[in-house]
Amino acid sequence: RLVKYMHNWLHVGRRKHMMNTTDLGICPVCSKEKETWTHLLTCCHEDSIAIKSLVLAKFSALLIKCKTAPVIRSVLRYKLAQFLNVDHNTVPIIPGDLIGTTLGLGIEQQANIGWVNFLKGRVSKKFGDAQQIFYNIVHPNGTYTRDQWMGKMITGVWQIFYDIWQ
C-alpha cells in the first residue's frame, strides 16, 4: 500500500472508475467529490475530520515519545492540520534561536517540496537538523540522533496516511 501511495496508484474512487465504468468514483464519506488520493487526505466531511483529528493526536504522541522539541512538534502538528483541513487555530510561535531559525528554513523548504510530499515521507532535512540542535542542548550525553528521529517521524507520517485510508 505504501508504494502505491507514494506513486499515486491507490485503489481509490478515481482508479476504481477507470477499471469499472459503473463505479462513479465518488468519495464514500462526503459523496460530493471524486475520490482521489489527495481528496482522501483533505476531505472536509465531519466524519473524515474526526478520523484525521484522532490520527494527528496519535502522531503528536509519537513525537512526544521521540523527545521532539516542543516547537517542532507544534509546527508539524499545525502544518499537517492545515493541510488535512483539520482545526488548526493555534499558530505556533517560532523562536529566534538556532532551533527556530533552522526550523524556519525547514518550513520554507517543505513549502517548496510540498506538504503532500511530507505525508509521503519526502521531508526537509532541516527538520532533522533542528531536532539535532535540540538533542545537543537538552540531551548532550544522550544517544538520540537526527537520523533515528527522522526515521521514526517518517514512519509516523506514513501511519497517518494508512490510518486515514483505513
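Predicted, not measured: the structure shown is a model, and the values here were computed from it. Residue numbers start at 1 and run along the sequence shown.
- Note that OG1 of Thr102 and CG of Asp129 are 6.5 Å apart. Values are rounded to the nearest 0.5 Å.
- Taking OG1 of Thr145 as the reference point, atom NE2 of His139 lies at 12.5 Å (rounded to 0.5 Å).
- Partners of Lys125 according to the side chain to side chain contact (heavy atoms under 4.5 Å, CB included) rule, which considers only residues two or more places apart in sequence or in another chain, do not exist here.
- Under the side chain to side chain contact (heavy atoms under 4.5 Å, CB included) criterion, Thr101 pairs with no residue, sequence neighbours left out.
- Each ring-ring contact (aromatic ring centres under 6.0 Å, His included) pair with one or both residues in residues 91-131, not counting sequence neighbours, appears once here: Trp115-Phe118.
- Listed by chain and number, the hydrophobic cluster partners of Val91 are Tyr78, where partners are ILVMFWY side chains within reach of under 4.5 Å, directly or through others.
- With sequence neighbours excluded, the residues satisfying side chain to side chain contact (heavy atoms under 4.5 Å, CB included) with Leu105 are Lys126.
- Contact annotation: the side chain of Leu119 approaches that of Leu80 to within less than 4.5 Å [non-hydrogen atoms, C-beta and beyond].
- Qualifying salt bridge (charged side-chain N to carboxylate O under 4.0 Å, His left out) partners for Lys79, counting only residues two or more places apart in sequence or in other chains: none.
- Under the rule for a side chain to side chain donor-acceptor pair (under 3.5 Å), Gln82 has no partner lying at least two apart in sequence or in another chain.
- Residue Glu108 places its CD atom among 12 or fewer non-hydrogen atoms of other residues, nucleotides or ligands, all under 6.0 Å distant.
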Val123/Ile154 under side chain to side chain contact (heavy atoms under 4.5 Å, CB included): CA gap, chis, key distance, verdict: CA-CA 8 Å; Val123 177; Ile154 289 171; 3.9 Å; yes
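- For the side chain to side chain donor-acceptor pair (under 3.5 Å) test, no residue two or more places apart in sequence or in another chain qualifies with Arg77.
- Considering all non-hydrogen atoms of both residues, Ser48 and Cys43 come closest at OG-O, 3.4 Å.
- With sequence neighbours excluded, no residue forms a ring-ring contact (aromatic ring centres under 6.0 Å, His included) with Phe59.
- Evaluation of the salt bridge (charged side-chain N to carboxylate O under 4.0 Å, His left out) rule for Arg73 yields no partner, not counting sequence neighbours.
- For Gln110 (side chain) and Arg122 (main-chain N/O), a donor-acceptor pair under 3.5 Å exists by modelled atom type.
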Intermediate values then yes/no, side chain to side chain contact (heavy atoms under 4.5 Å, CB included), Val86 and Val55: CA-CA 11 Å; Val86 176; Val55 168; over 6 Å; no
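- Listed by first then second residue, pairs satisfying side chain to side chain donor-acceptor pair (under 3.5 Å) with a partner in residues 52-63 read Lys58-Asp163, not counting sequence neighbours.
- A side-chain donor-acceptor contact under 3.5 Å links Gln132 and Asn136.
- A donor-acceptor pair under 3.5 Å links the side-chain atoms of Asp97 to the main chain of Gly100, judged by distance alone.
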Could you give the side-chain donor-acceptor pairs of residues 62-71 under 3.5 Å, partners two or more places apart or in another chain?
from, atom 1, to, atom 2, distance (Å)
Thr68, OG1, Leu63, O, 2.7
Thr68, OG1, Trp149, NE1, 2.7

